[in-house]
**Q** 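The structure's right below; bear with me while I get my questions together.
Positions are given from 1, in the same order as the sequence printed here. Order of appearance sets the numbers: ligands from 1, and atoms from 1 within every ligand.
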Amino acid sequence: MNAETSGIGVAPGVASGPVARLAAPPEPPADTGPEADPAAALERIKAALESVATELDARASRASGPSADVLFAQSMMPRDPALAERISKALSDGRSAPRAVAEAFASFRASLEAAGGYLAERAADLDDLRDRTLAELLGLPMPGLPDPGHPFVLVARDLAPADTAGLDPARVLAVVTEAGGPTSHTAILAKSIGIPAVVACPGAGGLADGDPVLVDGRTGAVTADPDPAAVQAALEAEERRRAALEAGGGPGRTADGRHVQLLVNLGSAADLEAAAGADSEGVGLFRTEFLYLDRAAEPTVAEQTETYRRVFAAFAGRKVVVRTLDAGADKPLAFVDHGHEDNPALGVRGIRMARRHPRMLDDQLEAIGAAAADGEAEVWVMAPMVATAAEAADFAERCRARGLPTAGTMIEVPAAALRADQILRTCDFASLGTNDLGQYTMAADRMNGELAELLDPWQPALLELVALAAEAGRELGRPVGVCGEAASDPLLACVLVGLGVTSLSMAPSALGEVRAELAARTGADCAAMAAAALAAADAREARAAVR
Ligand code: PEP
Ligand code: MG
């Protein structure tokens, strides 16, 4: 069959095995009146109780330590003559068999609670025993965690925290639930226990006991009846990913050794220490406007130089890509004269500001140049919001005039992606700002949460523009990286590498997973992933195709 369904992957890892479903407890029985033969009904109930106790004994003998003790103690309860007496009384009082069971357990529970201490703590166990006895009596599926006697993939509509907390990773290979979300308890507990988990998977409702499935807790893919080769490949990729995560560190590389520079985004002075301490080859995007967000007046060249000096010192021996001021639209600065604009995102922002205030750009470049000359970082500089080759050429010239030999442009306007080859002839490198490139490609305001689907970085139209820019870079031998959020999604990072980008810049916390995902894929795998994403009709389909 090989049917694939998907949900949200919340605890990483890959597992394959037969499904065992968590059955819901039986509904509380209605009273349907007296049994025609109360003595026969009592015998049926006793047989059900004995069967429940025997099952608990069997579980206890397979368990060890405290779990075994708890199970043995629990198996004594259904055999307690006092319970049988209460059931017999309820039957002779005219209750139906299921109702007699429910009432007897309820009164037994009340007695234990009244006794206090250890017995009171056991009272809650009685609910589970009551549900099991009713299920046995009525021929319903056994409630609670299944125990098919072999490791299994637990499938449920949802899991109570108590169910999840009791999961044994030696028996439960993975968890798949129809309900739940990325911040649900199931997600948090599964992650802490280390069991791969997928939640919010509507297709899980169609999985039956014994069905073989392959679960990927990272991508959220759940494949029913997977073919053995796919299982083998998924398990091997997971093994490589784990080994890479553990071995961790060093420059990014694909499984076949292709070098992909892994860099960090630096957004504020407060982040400097964490960014510098991260295992990266440097900074791929230093958002300089964030240094001046709370400033009423423009900082002097000397002040700016001091700030850049600190950053370059923290990254001595590594690369730092400084982006010049990207004031305007979502990043207004008090000391920059933005004027009134009906559409600030389409207005005088980024490099366009240099037309109005060329001195401001030159001062910034002078400060960066002075700090770079003093420090040991490899300083590259790039301009935001470049739309034409003329803008790129002008910027590169200004940089070189201030002793900054490596000048590049951000590609975040569709025109720049379409004409990347002309742009790259005028400068040394390009960096794709997929946040803005997505916004302008889809004509969807990045500040408008309602348009999140259009702004999804998996949009094939956005990826097509990335491919164009990367291709131009490859032909001209110029590096083309990605510094937008797209780079921090491990699977999408592989797609970007498959499209030809040479570096990925992201939040420091994303480095480990991206590095590991890359290490698990060859260059050819990445190319195949990229082809699948490009061929998709929309972002959702692109994700599914790549999974
Ligand atoms: C981008 O647009 O993708 C980008 C990296 O720049 P920012 O998010 O700062 O606009
Ligand atoms: Mg941008």
**Q** Looking only at heavy atoms, what is the nearest atom pair of C526 and T254, with distance?
**A** SG-CG2, 4.4 Å
**Q** For R478, does the CZ atom have more than 12 heavy-atom neighbours from other residues, nucleotides or ligands under 6.0 Å away?
**A** yes
**Q** Does the plane of the ring in W380 sit parallel, tilted or perpendicular to the ring in F429? Use 30° and 60° as the thresholds.
**A** tilted
**Q** Looking at every heavy atom in both A537 and P460, which two are closest together, and how far apart are they?
**A** C-CG, 4.2 Å
**Q** Looking at E4 and T223, what are the two nearest heavy atoms and their distance?
**A** OE1-OG1, 3.6 Å
**Q** Is D489 reaching over with its side chain to a backbone N or O of L491, donor-acceptor style, under 3.5 angstrom?
**A** yes
**Q** Tally every protein N/O/S atom whose distance to the Mg ion (ligand 2) is less than 2.8 Å; waters are neither shown nor counted.
**A** 2
**Q** Are side-chain heavy atoms of V322 and F312 found at a separation under 4.5 Å?
**A** yes
**Q** Shortest non-hydrogen contact from D279 to R515?
**A** O-NH2, 2.6 Å
**Q** Donor-acceptor pair, distance only, cut-off 3.5 Å: does the side chain of R352 make one with the backbone of G347?
**A** yes
**Q** Ligand 1: which protein N/O atoms lie under 3.5 Å from its N/O atoms?
**A**
residue	atom	partner	partner atom	Å
ligand 1	2 (O)	E412	OE1	3.0
ligand 1	2 (O)	D436	N	2.9
ligand 1	2 (O)	D436	OD2	3.0
ligand 1	3 (O)	G433	O	3.3
ligand 1	3 (O)	T434	N	3.1
ligand 1	3 (O)	N435	N	2.7
ligand 1	3 (O)	N435	ND2	3.2
ligand 1	6 (O)	R323	NH1	2.9
ligand 1	8 (O)	R287	NH2	2.9
ligand 1	8 (O)	N435	ND2	2.9
ligand 1	8 (O)	R446	NH2	2.8
ligand 1	9 (O)	R287	NE	2.7
ligand 1	9 (O)	R287	NH2	3.4
ligand 1	9 (O)	R323	NH1	3.0
ligand 1	9 (O)	R323	NH2	2.9
ligand 1	9 (O)	K331	NZ	3.4
ligand 1	10 (O)	K331	NZ	2.7
ligand 1	10 (O)	D436	OD2	2.9
ligand 1	10 (O)	R446	NH1	2.9

